[in-house]
*Asks:* 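Let me begin by handing over the structure; questions about it come next.
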Amino acid sequence: MLFEVTDRELEPERLFNHVRKDAAGAVVLFHGVVRETNLGRNVEYLEYEAYPEMATKVMEQLVGELHSKWEITDVAIQHRTGRLEIGETSLLVAVSSPHRHEAFAAGEWLVDRFKDKVPVWKKEVFEGGEEWIEGDRH
Amino acid sequence: MLFEVTDRELEPERLFNHVRKDAAGAVVLFHGVVRETNLGRNVEYLEYEAYPEMATKVMEQLVGELHSKWEITDVAIQHRTGRLEIGETSLLVAVSSPHRHEAFAAGEWLVDRFKDKVPVWKKEVFEGGEEWIEGDRH
Amino acid sequence: MGTVKVRLFARLAELAGTRSEEVEVGEGLRACDVYRLLETQHPAIAGLADTVMYAVNQEYAAPETPLKGGDELALIPPVSGGDSCCSR
Amino acid sequence: MGTVKVRLFARLAELAGTRSEEVEVGEGLRACDVYRLLETQHPAIAGLADTVMYAVNQEYAAPETPLKGGDELALIPPVSGGDSCCSR
């Protein structure tokens, strides 16, 4: 398992290489990307902030739960903090498995749980204002 | 939409860049990878063969159907032909969407339909023999 | 009435020892008739007709589809592209 | 009885104008009591206690969790990491 919170550009190729194993026939790589609009507003950029020490502990628990639910070969996650422009990747989740349906299901579950549990926040700076986004109302 | 059958190494970064648009918040990138074992046999390598002209037509139909089922921003697919070693990527499917659940669902659906419909075949060369794999018994 | 170009792939191509054949179009010639014709020329593919699908001009077509001069007929064994995962 | 390190994040940190506070541990001090204490020092965060979750030593904890010297208490506003998609 690999988990990193970083203020630098995320590294899909590195995460792919981390989870790719000879026993795995499928790798699902999810990219969460900054969109140009949200709640009907024109987004200028996002600011992400994390509580990294706790994020690491929560991720370890989630990945433990994931392995109890699906046959997963390996998992790698990166989240970016700081200022992100439209089109930049904020979250990368890579999941490998012998079986593609398990890789898809586990990847989707992990992104959902991440957004629900991991202590990371974003402030949206839009035309005419800014707002801390709280919870999944976006 | 981008669809290619090629005997060269597949290009995940290029496919990501192709489907990444400012309206899309999620990109799901599926890698189908050659596994070391299949049906309990030790695989040495795979040989993929395609009927490219027909594969292109079938893909266009599938992508049309996909757009009628989900809100998808763009799709890109590459399939590799020729000899593939263990760990190499045979199929790449990239799907972008404003909404991550639609990107996951559409990506999984497209891989399933691809394996069911698109005229591509693989021969498995294993320790002690070789066999054309027919259908999804693998 | 012209000829039909027949394309063979994967196991069928290997068994028949050819990837492409030309067949004269006779009155009422159907896709499945072409398979029977090829079976007599390439006995190694005999008995596999039930597993094969047909494509006429790059689209899946019923075995009874009538053929005309200039058509491309493909004999499609069960496909197996994509990943090397089982599907569960 | 020592002190508790309190960490604030995101909107709470911005409203309070601080990311970190030290609080003396009194008899029976609970996580939610710390919030009330901070409300009196930083009135801008008043009224938000219902939206906040607590973490003690980097694990989610109930508001009634008792604190001891050396603990790290974090006030966690509703999280919003990950992609910028709505979840449908």
Side-chain angles (χ1 to χ4, degrees), chain A residues 10-17 19-39 42-46 73-74 84-112 114-115 122 136 138, chain B residues 10-17 19-39 42-46 73-74 84-112 114-115 122 136 138:
Chain A
L10 303 187
E11 301 153 302
E13 191 178 346
R14 183 171 149 241
L15 264 61
F16 174 80
N17 290 331
V19 302
R20 215 282 311 149
K21 304 279 158 65
D22 289 352
V27 176
V28 170
L29 188 53
F30 173 81
H31 304 245
V33 179
V34 180
R35 282 199 298 168
E36 64 189 349
T37 56
N38 190 30
L39 303 169
N42 291 322
V43 174
E44 291 185 349
Y45 62 91
L46 300 180
T73 308
D74 208 348
L84 273 83
E85 310 297 330
I86 289 162
E88 293 193 298
T89 299
S90 53
L91 173 65
L92 273 182
V93 171
V95 176
S96 61
S97 171
H99 312 295
R100 71 179 178 282
H101 290 300
E102 305 213 27
F104 274 107
E108 187 169 11
W109 179 89
L110 194 57
V111 177
D112 283 351
F114 188 105
K115 297 190 66 153
K122 65 167 155 275
D136 201 17
H138 48 97
Chain B
L10 303 187
E11 302 154 301
E13 192 178 346
R14 185 171 148 240
L15 263 59
F16 173 80
N17 289 331
V19 302
R20 215 282 311 148
K21 303 280 157 66
D22 288 352
V27 176
V28 170
L29 187 53
F30 172 81
H31 303 245
V33 179
V34 179
R35 283 198 300 169
E36 66 190 346
T37 57
N38 190 30
L39 303 169
N42 291 323
V43 174
E44 292 186 348
Y45 62 91
L46 299 180
T73 308
D74 207 348
L84 273 83
E85 309 297 329
I86 290 162
E88 293 193 297
T89 299
S90 53
L91 173 65
L92 273 181
V93 171
V95 176
S96 61
S97 170
H99 313 293
R100 70 180 178 281
H101 290 300
E102 305 213 26
F104 273 107
E108 188 169 10
W109 180 89
L110 194 57
V111 176
D112 283 351
F114 188 105
K115 297 189 66 153
K122 64 168 156 277
D136 200 18
H138 47 100

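A note on names: the letters A, B, ... follow the listed sequences, proteins ahead of strands, and every chain is numbered from 1.
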*Asks:* Which heavy atom of B/Arg35 sits nearest to which heavy atom of A/Pro98, and what is that distance?
*Replies:* NH1-CB, 3.6 Å

*Asks:* Does CD in B/Glu13 sit with more than 12 non-hydrogen atoms of other residues, nucleotides or ligands closer than 6.0 Å?
*Replies:* no

*Asks:* Take B/Arg100 and A/Asp112, measure what side-chain contact (heavy atoms from CB on, under 4.5 Å) needs, and give me the verdict at the end.
*Replies:* CA-CA 9 Å; B/Arg100 70 180 178 281; A/Asp112 283 351; 2.9 Å; yes

*Asks:* According to side chain to side chain contact (heavy atoms under 4.5 Å, CB included), who are the partners of B/Leu92, at least two apart in sequence or on a separate chain?
*Replies:* B/Leu10, B/Pro12, B/Leu15, B/Leu29, B/His31, B/Gln78, B/Thr89

*Asks:* Between A/Phe104 and B/Phe30, how do the two ring planes meet: parallel, tilted or perpendicular, split at 30° and 60°?
*Replies:*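 The arrangement is parallel - the two ring planes meet at less than 30°.
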
